[in-house]
2 protein chains.
Amino acid sequence: MDGTIQPTGSRAERRDRSTAETRASILAAARDCLLTDGYASLSTRRVADSAGVPLSQIHYHFGSKHQLVLAVLAEENERLLGRQRTMFDSPEPLWARWERACDFLDADVSSGYVRILQEMIAAGWGDAAVAAPVRALIGEWYRLLAEVARREVANGLDLGGFTPDEVAALMSTPFLGAEELILLGVTEATLPMRSALRKVGVILRLISERPPIAETT
Amino acid sequence: MDGTIQPTGSRAERRDRSTAETRASILAAARDCLLTDGYASLSTRRVADSAGVPLSQIHYHFGSKHQLVLAVLAEENERLLGRQRTMFDSPEPLWARWERACDFLDADVSSGYVRILQEMIAAGWGDAAVAAPVRALIGEWYRLLAEVARREVANGLDLGGFTPDEVAALMSTPFLGAEELILLGVTEATLPMRSALRKVGVILRLISERPPIAETT
């Protein structure tokens with residue numbers, strides 16, 4: 001470093017950049033370790049070795065192991081929410097976009113996101129300091145879903161007596177439940193969760209293509 | 001014991017009875033400790049003290065802490081399945097019985113059953129020896145639900161393209177997902193899970209009271 005290559009920017013800018021790089025390399029290493037070793041045996045020592053930083057840097061940047069995993073989850077969550085927003089913004093009918101959401105389920109299990117999310121939900125049951133940020137992360141999902149439902153209502157969809165927030169609850173809770181069971185090793189042959197979720201698209205179609213119940217009874 | 005009161009039965013019968021009593025008192029103590037202290041801080045030492053037995057008896061009867069909690073869960077699960085079977089055997093229409101199932105949600109959260117079930121599901125994600133018995137316990141629920149759906153079909157209900165097993169998946173996964181979020185502290189004001197689940201009764205009514213979709217389009 002000594003004079004041969006001139007670093008750009010002020011000393012403060014270089015320090016900020018270095019801090020951001022260290023943080024990013026720790027996060028990338030933590031993500032890899034989570035996917036390889038699983039959550040239970042995640043070792044911050046191993047994450048530090050893999051990122052090529054001293055262990056003290058993990059505690060400096062993230063505090064605890066839970067905070068580190070929450071930071072990995074927050075990064076993945078933001079990425080997947082972006083994907084989901086783009087998908088829901090498409091002009092396809094709601095039931096077709098629901099099918100696209102079903103397509104994502106196995107991708108998100110394979111990527112490790114689902115495992116990390118579910119582990120952090122479980123960690124939150126016994127730890128209020130974990131529960132609050134996890135509630136905030138999950139909240140972005142059902143706010144997005146409620147927003148999708150509200151837009152459908154604005155476009156004339158009859159939600160069949162359900163409020164947009166109730167639709168968000170019905171679109172998110174079966175996915176969370178199915179994820180739990182998939183992680184537990186419940187197979188589609190035992191309980192056809194994926195095909196059932198896909199057929200919820202049929203209900204969405206039924207609601208969108210039929211007159212309200214009062215008019216037919 | 002020495003002669004003043006004559007114990008009934010053979011020596012082997014008395015031994016079996018004593019074993020069953022020890023087991024039952026450990027289970028009752030474990031249940032109390034789980035509800036008071038929560039899962040994370042469950043101490044087998046405390047369970048032994050509370051049951052008035054030496055710690056070695058817990059290991060003799062149950063092996064590990066996980067096995068002990070699984071035994072508590074199995075006992076609760078059997079009791080609640082019995083309640084659910086009785087409820088689903090009633091002659092009310094399916095949507096009305098669904099409402100009864102919704103009534104049970106908060107009772108089962110309050111009783112501690114939901115917390116123990118969800119903790120054991122989470123423990124199963126990283127431990128195949130826990131996952132297998134938990135899958136078996138949960139399996140009894142969706143087999144019951146699929147049986148309910150099959151009986152409805154036999155009575156002429158059109159499941160709207162869903163198989164009985166898919167109906168079981170759609171009846172069980174949103175409850176599991178809602179339970180996770182309730183344990184995490186998500187309130188009904190944030191995400192109306194309970195009212196959304198209740199309105200699934202509306203969909204069940206819609207399916208049962210309307211002709212198949214092909215006839216109206």
Side-chain angles (χ1 to χ4, degrees), chain A residues 38-41 115 118-119 121-128 130-132 134-135 138-139 142 146 160-163 165-170 172-181 183-186 190-200 202-203 205-207 209-211 213 216-217, chain B residues 38-41 115 118-119 121-128 130-132 134-135 138-139 142 146 160-163 165-170 172-181 183-186 190-200 202-203 205-207 209-211 213 216-217:
Chain A
Y39 172 79
S41 51
R115 176 71 188 270
Q118 293 280 341
E119 290 280 6
I121 292 174
W125 299 332
D127 184 340
V130 173
V134 175
R135 281 200 304 268
I138 295 179
Y142 42 74
F162 289 83
T163 67
D165 286 344
E166 286 168 349
V167 169
L170 282 187
S172 54
T173 55
F175 273 97
L176 285 174
E179 287 169 5
E180 280 198 287
L181 295 181
L183 291 177
L184 192 68
V186 174
T190 309
L191 187 68
M193 296 167 280
R194 294 172 184 81
S195 69
L197 280 169
R198 287 190 177 278
K199 285 191 190 167
V200 169
V202 176
I203 293 180
R205 233 177 135 163
L206 188 95
I207 291 172
E209 295 176 357
R210 286 182 166 200
I213 196 164
T216 60
T217 50
Chain B
Y39 173 77
S41 49
R115 176 72 188 270
Q118 292 280 340
E119 290 280 6
I121 292 175
W125 300 333
D127 185 340
V130 173
V134 175
R135 280 200 304 270
I138 296 181
Y142 43 74
F162 289 83
T163 67
D165 285 344
E166 286 167 347
V167 169
L170 283 188
S172 53
T173 55
F175 273 98
L176 286 173
E179 287 168 4
E180 280 199 285
L181 295 182
L183 292 176
L184 192 66
V186 175
T190 308
L191 188 69
M193 297 166 281
R194 294 171 184 83
S195 68
L197 281 168
R198 285 190 179 276
K199 286 193 191 166
V200 169
V202 177
I203 293 180
R205 233 177 135 164
L206 188 94
I207 292 173
E209 295 177 357
R210 287 181 164 202
I213 195 164
T216 59
T217 49

If you count heavy-atom pairs within less than 4.5 Å of chain B, which of [options] leads?
options                      : answer
A:Thr173, A:Val186, A:Leu183 : A:Thr173
A:Gly161, A:Ser41, A:Ser172  : A:Gly161
A:Glu180, A:Met193, A:Glu179 : A:Glu180

Between atom CZ of A:Arg135 and atom CG of B:Leu191, what is the distance when rounded to the nearest 0.5 Å?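 Spacing of CZ (A:Arg135) from CG (B:Leu191) equals 12.5 Å.
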
Can you tell me how far CG of B:Leu176 sits from CG of A:Leu176, rounded to the nearest 0.5 angstrom?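 If we round to the nearest 0.5 Å, A:Leu176:CG and B:Leu176:CG are 10.0 Å apart.
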
Report yes if the side chains of A:Val134 and B:Leu184 come closer than 4.5 Å at any heavy-atom pair, otherwise no.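 Yes, close enough: below the 4.5 Å cut-off.
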
Closest heavy-atom pair and its distance - B:Phe162, A:Ala196: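 Smallest interatomic distance, heavy atoms only, reads CE2-O, 3.7 Å.
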
Between A:Ser195 and B:Glu166, which heavy-atom pair has the shortest distance, and what is it?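 Closest heavy-atom pair between A:Ser195 and B:Glu166: OG-OE2, 2.7 Å.
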
Toward chain B, the part of A:Leu181 with a non-hydrogen atom under 4.5 Å: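 Looking at A:Leu181, just its side chain touches chain B.
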
So which part of B:Val200 gets closer than 4.5 Å to some heavy atom of chain A, the side chain, the backbone, both or neither?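 When you check distances to chain A, atoms from both the backbone and side chain of B:Val200 fall under 4.5 Å.
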
Side chain, backbone, both or neither: which part of B:Arg194 has an atom under 4.5 Å from a heavy atom of chain A?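 Interface part for B:Arg194: neither.
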
